[in-house]
Amino acid sequence: MRRGLERAVIGRRVDGVVVTGKRTVRRQSPDDFVTALSGRKLSEAGRHGKFLLVGLDDGATLVAHLRMSGQLLLTSPASPLPAHTHVRIGLDDGTELRFVDPRTFGELFVAAGHGPSGLPVELAALGVDPVRERLTPARLARLLAGRRTSLKAALLDQHLIAGIGNLYADEILHRARLRPDRAAGSLDADESRRLARSIRAVLERAVELRGSSLRDARYVDLAGELGDYQRRHAVYGRAGEPCRRCGTPVERARLAGRSAHFCPSCQR
DNA sequence: AGACAAGCCTGTACGC
DNA sequence: TGCGTACAGGCTTGTC
């Protein structure tokens with residue numbers, strides 16, 4: 001999504017903003033949001049964890065989080081408006097950026113300042129983004145040291161590592177050959193190395209393949225196209241099917257309030 | 001009809 | 001007391 005924004009909207013100027021949804025813009029008033037965005041030039045496309053960051057020419061940042069069901073779509077303003085369109089941002093090349101979100105968990109806001117990390121202060125609590133920065137085995141081991149939580153819960157904790165959701169946590173742990181219910185603080189050096197490598201490998205490959213679109217087809221790119229990474233899933237959504245590594249049926253369990261998919265034979 | 005999926009915040013309970 | 005952690009509930013709607 002960030003790459004799509006970089007290609008399609010950077011350099012464009014905002015020339016009309018309409019907020020119709022009641023919940024999408026909730027950290028500030030819709031009027032303040034419209035004012036902060038109107039007339040601004042979009043100068044860069046960034047991301048930290050699951051947050052998209054579009055830099056504005058006055059130093060502010062348009063921040064977007066899609067949560068479960070959000071979509072950002074770039075279309076002609078004349079194309080039919082999908083149900084659950086909550087925000088429309090007109091651009092000076094005659095296109096329109098739309099935020100569509102049936103479950104309304106997603107959000108947009110304009111962040112005025114930057115913290116010491118260069119990120120908007122609203123995002124200061126997020127952990128390291130392992131695609132933007134190198135997450136070495138040693139650093140990962142430090143993050144996990146002493147934690148009694150499960151590995152799965154640790155990977156999902158955005159304050160430790162930013163950007164891993166339920167699906168990718170399962171894929172990462174399978175690749176690392178680690179059980180999701182292992183205690184996070186129990187890894188030896190080789191296991192930390194495998195986990196660090198798997199985090200990077202899975203996320204980078206998923207980005208290359210433009211993400212995972214599940215059966216509900218909620219995740220699509222700016223052009224509305226499906227991703228391709230779901231075809232590579234080794235465990236997620238494959239309960240009862242053979243493990244791609246060893247053939248043992250994939251198990252599905254409940255852990256940290258989430259579904260966890262794993263191979264009981266080759267993940268230890 | 002109703003469980004379920006997801007991300008993340010909040011509230012509460014617990015052990016050390 | 002206070003911290004880290006675990007767990008449940010809430011938000012929401014489309015899908016099974």
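Residue numbers begin at 1 in each chain, while the letters A, B, ... track the order of the sequences. Since we're looking at a predicted model, the values are computed, not measured.
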>> Using 0.5 Å steps for rounding, measure from the CG atom of A/Leu155 to the CG atom of A/Leu178.
In response: 9.0 Å
>> Rounded to whole Å, how long is the line connecting atom CD of A/Glu107 with atom P of C/dT12?
In response: 14 Å
> Going through the checks in order, is the side chain to side chain contact (heavy atoms under 4.5 Å, CB included) test met by A/Leu140 and A/Ile161?
Replying inline: CA-CA 9 Å; A/Leu140 177 62; A/Ile161 302 168; 3.8 Å; yes
>> Heavy atoms only, 4.0 Å cut-off, all strands: where does A/Ser259 land among base, sugar-phosphate and nothing?
In response: sugar-phosphate
> At what distance, to the nearest 0.5 angstrom, does CG of A/Leu62 lie from CG of A/Leu53?
Replying inline: 9.0 Å
>> Nearest whole Å is fine: how far is C/dC7 P from A/Asp181 CG?
In response: 12 Å
> Please walk me through it: do A/Asp93 and A/Thr95 pass side-chain hydrogen bond (donor to acceptor under 3.5 Å, both in side chains)?
Replying inline: CA-CA 6 Å; A/Asp93 61 352; A/Thr95 61; 2.7 Å; yes
>> The test is side chain to side chain contact (heavy atoms under 4.5 Å, CB included); show your working for A/Leu5 and A/Leu42 and say whether it passes.
In response: CA-CA 10 Å; A/Leu5 288 169; A/Leu42 308 178; over 6 Å; no
> Could you give the CG-to-C1' distance, from A/Asn166 to B/dC8, as a whole number of Å?
Replying inline: 13 Å
> Near DNA chain C, which residues from residues 227-240 of chain A have a heavy atom under 4.0 Å away?
Replying inline: none
> Among side-chain atoms of A/Ser69 and A/Asp101, is any donor-acceptor pair under 3.5 angstrom?
Replying inline: yes
> Taking atom CZ of A/Arg26 as the centre, does the number of heavy atoms from other residues, nucleotides or ligands within less than 6.0 Å exceed 12?
Replying inline: yes
>> Measure CG/A/Leu151 against P/C/dT5 and give the value in whole Å, please.
In response: 13 Å
>> Please identify which of these residues, A/Lys152, A/Glu171, A/His261, A/Arg258, meets the side chain to side chain donor-acceptor pair (under 3.5 Å) condition with A/Asn166.
In response: A/Lys152
> Does A/His84 have a side-chain nitrogen or oxygen under 4.0 Å from the phosphate oxygens OP1 or OP2 of C/dT12?
Replying inline: no
>> So does A/Ala45 get a backbone contact from the side chain of A/Arg2, meaning a donor-acceptor N/O pair under 3.5 Å?
In response: yes
>> Please give me the minimum heavy-atom distance between A/Phe33 and A/Gln28, naming the atom from each residue.
In response: CD1-OE1, 3.4 Å
> Looking across every strand, which nucleic acid part, if any, lies under 4.0 Å from A/Arg148 by heavy atom: base, sugar-phosphate, or nothing?
Replying inline: sugar-phosphate
> Hey, what's the ring geometry for A/Tyr168 with A/His233, parallel, tilted or perpendicular (30° and 60° as the breaks)?
Replying inline: perpendicular
> Is there a side-chain polar atom (N or O) of A/Gln158 under 4.0 Å from OP1 or OP2 of B/dG7?
Replying inline: no
> If each of A/Ser150 and A/Arg258 is mapped to the nucleotide of DNA chain C with the nearest heavy atom, which maps nearer the 5' terminus, i.e. the 5' end?
Replying inline: A/Ser150
> How close or far is atom C1' of C/dG4 from atom CG of A/Leu144, stated in whole angstroms?
Replying inline: 15 Å
>> So, does A/His65 get its side chain near the phosphate of B/dG7, meaning an N or O under 4.0 Å from OP1 or OP2?
In response: no
> Tell me: NE2 of A/His48 to C1' of B/dG7, nearest whole Å?
Replying inline: 16 Å
> Where each pair must be Watson-Crick or G-U wobble with both distances under 3.5 Å, what dot-bracket representation of DNA chain B is obtained, with crossing pairs in [ ] and other-strand partners as |?
Replying inline: .||||.||||||||||
>> Could you tell me how far B/dT10 sits from C/dT1 if I compare only their P atoms? Round to whole Å.
In response: 24 Å
> If we require ring centres under 5.5 Å and near-parallel planes under 30°, does A/Phe105 stack on B/dC8?
Replying inline: no
>> So if I take residues 22-32 of chain A and measure heavy-atom distances to DNA chain B, which residues fall below 4.0 Å?
In response: none
> Tell me: CG of A/Asp101 to C1' of C/dT12, nearest whole Å?
Replying inline: 9 Å
> For the residue pair A/His65 and A/Phe51, does the interplanar ring angle fall in the parallel (under 30°), tilted (30 to 60°) or perpendicular (over 60°) class?
Replying inline: perpendicular
>> Rounded to whole Å, please give me the gap between CG in A/Leu156 and C1' in B/dC9.
In response: 15 Å
> According to a strict under-4.0 Å criterion, is A/Thr149 in side-chain N/O contact with OP1 or OP2 of C/dA6?
Replying inline: yes
> A/His159 side chain: which of C/dG14, B/dC8, B/dC9 is closest?
Replying inline: B/dC9
> Going from OG1 on A/Thr85 to CD on A/Gln71, what distance comes out if it is rounded to the nearest 0.5 angstrom?
Replying inline: 9.0 Å
